[in-house]
There are 2 protein chains.
Amino acid sequence: MANESTFQLFTRSAFGLEPGCRVGVQFKALATPAALTRGELAPLDQHFDQLVFVARGATKLAAHASEDREQIVAFHFGGDIVSIPAEGLYSYTLTALVDTELLSFPAREFFDFAATEVSTSRALMDRLPRALHRCRDKAVALGQKSALERLAGFLLAMSERVGVTEGNVVILELPMSRRDIGDSIGLTIETVSRQLGALRDAGFIATQGRSRIALLDLEALRKSAGFAPLPTDISPQLGKFDLDQCDAVQARLPEPETGRI
Amino acid sequence: MANESTFQLFTRSAFGLEPGCRVGVQFKALATPAALTRGELAPLDQHFDQLVFVARGATKLAAHASEDREQIVAFHFGGDIVSIPAEGLYSYTLTALVDTELLSFPAREFFDFAATEVSTSRALMDRLPRALHRCRDKAVALGQKSALERLAGFLLAMSERVGVTEGNVVILELPMSRRDIGDSIGLTIETVSRQLGALRDAGFIATQGRSRIALLDLEALRKSAGFAPLPTDISPQLGKFDLDQCDAVQARLPEPETGRI
DNA sequence: CGCTTAATTGAGAGCCTTCAATCATCGTGG
DNA sequence: CCACGATGATTGAAGGCTCTCAATTAAGCG
C-alpha cells in the first residue's frame with residue numbers, strides 16, 4: 001500500500017527511525033497522507049501550523065501577499081520537511097509541481113511527540129536552523145541583488161537540488177514554470193526571460209525547450225550571482241537534506257557531488 | 001556577578017529551567033558570555049553555526065552580500081535567541097545597537113544537550129519554526145512589496161517589539177539608524193527618509209528627533225503595509241518570545257498588549 | 001496538424017537609486 | 001549653558017533597472 005511505503009520513507013529517511021518504534025507509532029497516528037497531481041494544492045488547515053513531509057515529487061510553498069502577488073518561499077523535493085505557518089500576515093499554499101505524495105502533521109502535536117525522543121529532536125534541530133539559514137540567504141538575494149544575480153543564484157541553487165552532472169556541465173530539468181521562478185526570486189516572467197537570455201548570450205547556460213537548462217560555466221554563474229569567491233579554508237560539508245532545502249537562492253558549489261545521502 | 005544573572009535570565013526566561021538542573025549545568029559549560037557596547041560586533045567563530053542568547057540590549061544580524069551591500073536579516077532584543085550560520089554564501093555579523101549582554105553557544109553542542117531534555121527540545125521547536133516563519137514574512141516583503149509598504153510593515157513590526165502604547169498612539173524609540181532600517185527592508189536611506197516623510201505627510205506617524213516615531217493610525221499603517229484586513233476568525237495568539245522574533249517585516253496587530261511574557 | 005498555453009521580445013513608464021547639497025541632531029568642549 | 005563640529009537625516013534632480021503593456025513566437029498536447 002502506498003501510504004505504508006510513504007510512511008516508511010518518512011520515518012527512515014527523515015529521522016532514521018524504524019516505523020514500528022514508539023514515536024513512529026505516534027507519528028503515524030498523526031499523519032494525514034495525500035497524493036497530489038501536478039498543480040494540485042495540498043489540503044491544509046490554515047488554523048494551525050503544519051508540518052508536511054514530501055515523500056516523492058516536488059512542491060512550492062507560496063505566500064499570498066495580495067490578489068495578484070505571490071511570493072514563493074521555498075521549493076521542496078522528495079525527503080524534505082516543510083513547515084507551514086497558520087494564517088498570519090499572509091496565507092500560504094503548498095502546491096504540487098509534479099505528481100507528489102506527502103504526509104501532513106499538525107505541528108504542535110508533532111513537536112510534542114518529537115520532543116520526547118532524542119533522535120527526532122536532534123534531527124529537527126538540524127533541519128529547522130538549516131531552513132532558517134536558507135531563508136536568510138533568500139532574503140539577502142531579494143533585498144540586495146539585481147535580477148541577473150538572483151537568477152544566476154537560483155540556477156546554482158537548483159543545480160544543487162535537481163542538477164545532473166554530465167561531464168563539464170550540469171543539466172537541470174526544472175519542474176517549475178517561468179512564473180514560478182519569477183515568484184520565487186521576486187521578478188516578473190518577462191525579466192526572468194530576459195535575464196535567461198542574457199546568460200544564454202554570455203554562453204553561461206544553454207536552454208532546450210521550456211524546462212531544460214544546461215549550466216555550462218558554473219564559475220561564471222557564481223560570479224554572475226554576486227557570490228564572493230569560495231572561502232579559502234575548507235568548511236565542513238554537511239550533505240544531509242534539509243527543511244526547505246531549496247530556498248531558491250542558495251548554492252554551496254563544492255565539487256559537484258552526486259548528491260543526496 | 002553579571003554573568004551569573006545573565007545565565008539565569010537565559011535558563012529561566014528562555015527555557016523555564018532552574019539554572020542548577022542537568023542541562024542547565026551543561027549549557028553553562030558551553031556558554032561564552034560577552035558584554036558589548038553600542039556598535040560593537042559580537043565575537044563569533046565563523047567556522048561553525050552559533051546560537052546566541054540576547055540577555056539584555058538589542059542587536060542586528062547582518063549578512064554581507066558584498067563590500068558595500070549588507071542585508072540585516074533580523075533585529076533582536078532581550079530574551080531572543082539568535083541562530084547564526086557559519087560562513088556560507090555570505091558572512092554574518094551580529095552587532096550591538098545599544099549596550100548589550102549576550103551568551104554564545106556552539107550550535108552543535110548546544111543542540112546535542114538540548115535534545116536530551118524534553119522541555120528544552122520543545123521550547124526550541126517553538127522558537128525555531130517561529131523564526132523561520134518570520135523570515136518568510138520578510139522574504140515576502142522584500143520580494144513583493146513597495147518601499148512604502150515595507151516601511152509601514154517595518155514600523156508595525158517594531159511596534160510589536162518596542163512600542164509603548166500611550167492612549168491612542170504607539171511610541172517607538174528606535175535603537176537603529178536609518179541605514180539599519182534601509183538595510184533591513186532592502187532600501188536606501190534616502191528612500192527610507194522619503195517614505196517616512198510620506199507617512200508623516202499623510203498624518204499616519206509623527207517623528208521627533210532621530211529615533212522617536214509615534215504611530216498615530218495603526219489601521220492606516222496596516223493598509224499602507226499592504227496587509228489584508230484582519231482575519232475574521234480568532235487565531236490563537238502565542239505571546240511568547242521567539243527566535244529572531246524581530247524579523248523586521250512582521251506584525252500581528254492584536255489588541256496592543258503590554259508585551260513581553 | 002491545429003490549438004492552447006507558455007515563453008520571448010520590444011517599447012514605454014514608473015519606482016527606486018545614485019549623486020549632490022542642505023539641514024538637523026546630538027555630543028563635546030569652551 | 002551655549003557654541004561648535006561631526007555625523008546622521010532630509011530634500012532635490014537625474015538616471016537606471018525592472019515592471020507594465022503589447023505583440024510575436026515557440027512549445028506541448030489533443
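Every chain is numbered from 1 and lettered A, B, ... according to where its sequence line falls, protein lines coming before strand lines.
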Problem set entry | Axis-to-axis angle between the two ends of the helix from C/dC1-D/dG30 to C/dG30-D/dC1 (five base pairs per end, rounded to 10 degrees) | 40°

Exercise. Does a salt bridge link B/R161 with B/D80, judged by any charged N lying under 4.0 Å from a carboxylate O?
Worked result: yes

Exercise. Does any N or O in the side chain of A/E40 come within less than 3.5 Å of the main-chain N or O of A/T37, such that one atom is a donor and the other an acceptor?
Worked result: yes

For this session: Provide, to the nearest angstrom, the distance between the CZ atom belonging to A/R69 and the C1' atom belonging to D/dT20.
Result: 15 Å

For this session: Establish, from distance only, whether the side-chain atoms of A/S104 and A/Q50 form a donor-acceptor pair under 3.5 Å.
Result: no

Exercise. Do side-chain atoms of B/K138 reach the backbone of B/S184 as a donor and acceptor pair under 3.5 angstrom?
Worked result: yes

Problem set entry | Test item: side-chain donor near acceptor, B/S83 and A/R136, under 3.5 Å | no

Seminar exercise, completed: The complete set of salt bridge (Lys or Arg N to Asp or Glu O under 4.0 Å) pairs with one or both residues in residues 195-211 of chain B, sequence neighbours excluded, reads none

For this session: Write out all pairs satisfying salt bridge (Lys or Arg N to Asp or Glu O under 4.0 Å) with one or both partners inside residues 175-194 of chain B, taking only residues at least two apart or from two chains.
Result: B/K60-B/D180

Seminar exercise, completed: Taken in chain and number order and not counting sequence neighbours, the residues that satisfy side-chain contact (heavy atoms from CB on, under 4.5 Å) with B/A62 are B/H64, B/E70, B/I72, B/T93

Problem set entry | Test: A/E149 and A/K223 ion pair at under 4.0 Å | no

Exercise. Which heavy atom in A/S146 sits nearest to a heavy atom in B/R69, and how many Å separate them?
Worked result: N-NH1, 4.5 Å

For this session: Using the heavy-atom set of chain B and a strict 4.0 Å cut-off, write down the first and last nucleotide of DNA chain C that makes it in, 5' to 3'.
Result: C/dC16 to C/dC26

Exercise. Nucleotide by nucleotide, 5' to 3', does protein get under 4.0 Å of the base (B), only the sugar-phosphate (S), or neither (-) in nucleotides 9-19 of chain D, counting heavy atoms?
Worked result: SBBBB----SS

